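Single-structure report; data block below.
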Amino acid sequence: MQKSLHLDPNKCTGCLQCEMACAWENYRSFTVAKSRIKVFSFHHEGRFVPYTCTQCDEAWCMTACPVDAIRLDTVTGAKIVLEPTCVGCKVCTIACPFGTINYVAQTGKVQKCDLCGGEPACARACPTGAITYVDADWTGLGKMRQWAGKTDTNPATV
Amino acid sequence: MAWTKNLLRVNLEAGTCTTEPLNLQWAQDYLGQRGLATKYLVSEIDPKVDPFSPKNKLIFVTGPLTGTMAATGGRYSVVTKGPLTGAIACSNSGGYFGAELKFAGWDMVIFEGASPKPVYLLITDGKAELVDAAHLWGKTVWETEELIKAHHQDPQIRVASIGRAGENRVLYAAIVNDLHRAAGRSGVGAVMGSKNLKAVAVRGTRTDAYHLADPDAFFAATEAGKKVLAANGVTGQGLPTYGTQVLMNVINELGALPTRNHREVQFEGAMAIGGEAMHEKRATDGKANLVTNGACFGCTIACGRISRMDPGHFSVKDKPQYHGASGGVEYEAAWALGAANGVNDLEALTYANFLCNEDGFDPITFGATVGAAMELYEMGVLTEQEVGFKLPFGSTEGMVKLAELTAKGEGFGKVMGLGSKRLCTKYGHPELSMTVKSQEFPAYDGRALQGMGLAYATNNRGACHLRGYMVSPEVLGIPVKMEPQATEGKPAMLKAFQDLTAVVDSAGICLFTTFAWGLQDIQPQIQAACEGDWSEERLLLVGERIWNLEREFNLAAGFTAKDDNLPPRLMKEPAQTGPQKGAVSKLDVMLPEYYQLRGWTPEGVPTAETRSRLGV
């Protein structure tokens with residue numbers, strides 16, 4: 001079963017535990033500037049929104065890459081950057097509609113979420129359940145359940 | 001080791017920024033943040049220096065857990081000689097700024113001298129430079145953050161700055177970071193203003209800034225710590241739901257909510273300004289004041305209140321800049337802006353609180369000063385002519401106008417900016433200032449809670465609730481239940497709390513963790529992060545050493561045992577209502593025992609034996 005990261009802004013408090021977990025997983029550092037998942041704060045609306053790669057099936061980053069440096073992990077469904085192959089041309093960053101693949105000046109390569117090989121550190125670190133790792137076929141299940149709970153089909157009360 | 005081992009020394013007069021290695025011996029003796037910066041300050045300035053003299057120094061400092069996954073590991077402190085009290089001042093803040101400073105590769109920044117013209121410090125990883133701030137002078141904190149980010153074309157810069165209150169040397173001006181997180185108390189923002197330093201802006205991307213002594217043990221310890229916080233009723237449920245405002249009705253019912261400048265201990269309007277009220281839908285627009293709760297860096301509690309005002313409220317009707325969400329009232333602010341002066345309008349409190357954040361001043365001292373001004377007004381000592389408008393207890397309009405005037409430094413706001421001690425002294429009634437060492441009490445009555453009274457009286461930075469939070473045992477029963485009026489065992493409990501708090505403040509984590517965490521939860525996190533042996537016994541010794549070092553600074557600055565006192569109202573005027581009816585502070589019973597437990601003489605001076613035991 002393939003799984004997807006499920007991000008729920010309504011549960012996010014902006015603590016950045018996910019960003020630290022991501023940075024640690026990839027850089028052995030808590031420096032959130034290196035994180036592949038990013039929490040945005042919309043201050044005037046009082047909203048915190050975690051955001052990262054959606055792992056598109058027809059990934060534009062993968063299609064656009066001129067050197068085939070982005071490959072599909074057939075088990076997790078993640079699109080993975082092969083660092084030795086990447087030439088840092090940044091075409092993928094232009095192709096991605098969501099901005100979730102980014103150039104890293106330090107390495108001269110691009111980086112993006114790779115689902116940590118199937119055990120995403122961000123989901124594990126999130127204290128509020130704003131980031132969960134769920135069945136990819138049922139990413140809408142929580143929302144569906146919420147709406148289902150509001151449905152009243154009892155004829156006696158209609 | 002979880003220190004970057006680098007400190008940045010900024011000479012504002014010469015305009016230079018130099019790197020120095022951190023004194024690692026001092027880090028072993030004082031851990032970090034509050035303790036370590038105090039050691040630097042005490043070693044580098046004359047305790048008798050005028051707080052606004054260029055010879056006073058201002059230190060921004062992080063702890064060894066700042067910028068780590070330890071729950072609440074995002075704290076930084078600002079340490080200086082405070083202008084409100086003349087005592088050592090150490091003000092602690094959350095948000096994201098502290099962690100960013102660490103990621104840039106610095107444990108602390110020491111500012112010395114004063115700049116001839118307004119500047120701000122820009123830190124980009126290992127590089128630091130002073131930038132001209134002429135165009136930012138006169139701007140609010142909110143404007144300053146936006147302008148700095150726009151100027152450097154980097155929305156990811158974190159900013160700590162002062163508003164007009166700091167520029168105008170309001171004696172309780174704050175340093176505000178991330179728009180509504182503040183090093184709020186003791187006037188650290190005014191010292192920053194006196195140095196012509198508008199802001200510190202940081203962008204940190206270094207991955208090699210520091211490393212952990214034992215990463216595996218660190219992860220295990222922080223995971224365990226997070227579980228303890230999540231399972232605890234206060235940190236797992238109460239604080240996320242109601243924030244610190246969970247306390248308003250509890251403290252009021254206990255008869256410990258100081259009201260109308262401490263004349264009373266219960267407020268009939270408490271229900272209207274507490275945590276529950278922030279959740280309720282307003283009659284005017286059907287929306288609740290509270291939008292959501294928000295966390296500081298790394299915090300799994302997320303007690304922060306994010307609020308949105310009723311745009312039709314008289315105070316903001318024509319001011320769209322206040323119609324968005326921002327940092328809402330926390331308990332201390334709601335008490336000071338509300339109960340302390342008899343105002344029960346939640347929207348007005350939110351507005352005044354926005355102003356405190358926007359222009360950087362401490363809502364506790366400000367609100368308490370409003371309470372004192374209202375009492376002077378009711379006595380006829382302060383006149384309408386003098387103030388410019390009517391100012392009886394409960395005047396929402398009066399409180400709001402004073403907040404606006406104080407922010408701008410106009411009219412009677414100039415007098416308000418001096419705090420209640422100087423205000424009451426100016427009008428011939430110093431006894432009506434509800435202060436210790438010239439700093440205003442926070443939201444607990446020192447008569448109703450005997451231990452809190454002792455905590456206020458003995459605090460090194462003046463009255464404050466954050467250095468020995470006796471509310472825990474006296475109200476919440478943490479770690480054991482102590483009756484509010486009992487005195488037995490209180491001095492010993494307070495000493496233990498004060499020492500433990502010094503450790504928590506020095507580690508880089510938030511005091512609120514201690515609702516759930518004991519030293520046994522904190523010690524493994526410090527041990528795994530830092531090199532060296534950090535046993536519980538050693539940590540408590542470090543805490544005691546910090547407390548005594550602060551004390552030595554104050555004694556050298558001219559404070560004596562006479563300053564470990566409470567205003568006559570708390571000693572002589574009994575509580576009139578509620579469960580603590582008839583109570584006055586029994587400070588005279590507790591203080592001698594406290595001195596003895598501290599290893600101090602009856603005059604409050606550490607004995608030679610205590611000094612040598614602690615190496616202070």
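Here is the naming used below: chain letters follow the sequence lines, and residue numbers restart at 1 for every chain. Everything numeric here is computed off the predicted structure, so don't read it as measured data.
Side chains of A:His44 and B:Ser326: no donor on one and acceptor on the other come within 3.5 Å.
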| task | Evaluate side-chain contact (heavy atoms from CB on, under 4.5 Å) for B:Glu223 paired with A:Arg124, printing each intermediate quantity in order. | result | CA-CA 10 Å; B:Glu223 288 265 312; A:Arg124 184 180 143 84; 3.4 Å; yes
| request: Could you check A:Phe30 against B:Thr66 for side-chain contact (heavy atoms from CB on, under 4.5 Å), going step by step and ending with a plain yes or no? | output: CA-CA 10 Å; A:Phe30 297 121; B:Thr66 306; over 6 Å; no
| message | Run the side-chain contact (heavy atoms from CB on, under 4.5 Å) test on B:Arg206 and A:Gln106 for me, step by step, so that the C-alpha distance in whole Å, both residues' side-chain angles and the decisive distance to 0.1 Å come before the verdict. | response | CA-CA 10 Å; B:Arg206 286 180 55 179; A:Gln106 202 179 8; over 6 Å; no
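Heavy-atom distances place the side chain of B:Thr292, and not its backbone, under 4.5 Å from chain A. Residue contact with chain A, scored on non-hydrogen atoms closer than 4.5 Å, involves the side chain of B:Leu179 exclusively. With a threshold of 4.5 angstrom between heavy atoms, B:Arg203 approaches chain A through side-chain atoms but not through N, CA, C or O. Looking at A:Lys11, there are no atoms closer than 4.5 Å to chain B (heavy atoms on both sides), in backbone or side chain. Residue B:His323: no heavy atom, backbone or side chain, is found under 4.5 Å from chain A.
Within a 6.0 Å radius of CD in A:Gln2, more than 12 heavy atoms belonging to other residues, nucleotides or ligands are found. Residue B:Lys319 qualifies as enclosed at atom NZ: its count of foreign heavy atoms under 6.0 Å is above 12. When the shell of 6.0 Å around CD of B:Gln321 is examined, it contains more than 12 heavy atoms from other residues, nucleotides or ligands.
Side-chain atoms of A:Ser29 and B:Phe103, non-hydrogen and from C-beta on, never get closer than 4.5 Å to each other. B:Thr68 has its side chain out of reach of A:Trp24: every pair of non-hydrogen atoms, C-beta onward, lies at least 4.5 Å apart. Inter-residue side-chain proximity for A:Thr31 and B:Tyr210 is flagged as unmet; no heavy-atom pair is nearer than 4.5 Å. Side-chain contact between A:Val32 and B:Phe297 is present, with heavy atoms from C-beta onward closer than 4.5 Å. Contact annotation: the side chain of B:Gln156 approaches that of A:Lys38 to within less than 4.5 Å [non-hydrogen atoms, C-beta and beyond].
No donor-acceptor pair under 3.5 Å is formed between the side chain of A:Glu45 and the backbone N or O of B:Ala325.
Nearest heavy-atom pair, B:Val291 versus A:Gly46, reported as atom, atom and distance to 0.1 Å: CG1-O, 4.0 Å.
Put simply, CD1 on B:Ile306 and CZ on A:Phe48 are 5.0 Å apart, with the number rounded to the nearest 0.5 Å. Note: A:Thr128 OG1 to B:Asn293 CG = 9.0 Å, rounded to the nearest 0.5 Å.
Counting heavy-atom pairs closer than 4.5 Å to chain B, the top-ranked of the candidates A:Ala21, A:Cys15, A:Ala33, A:Ala125 is A:Cys15.
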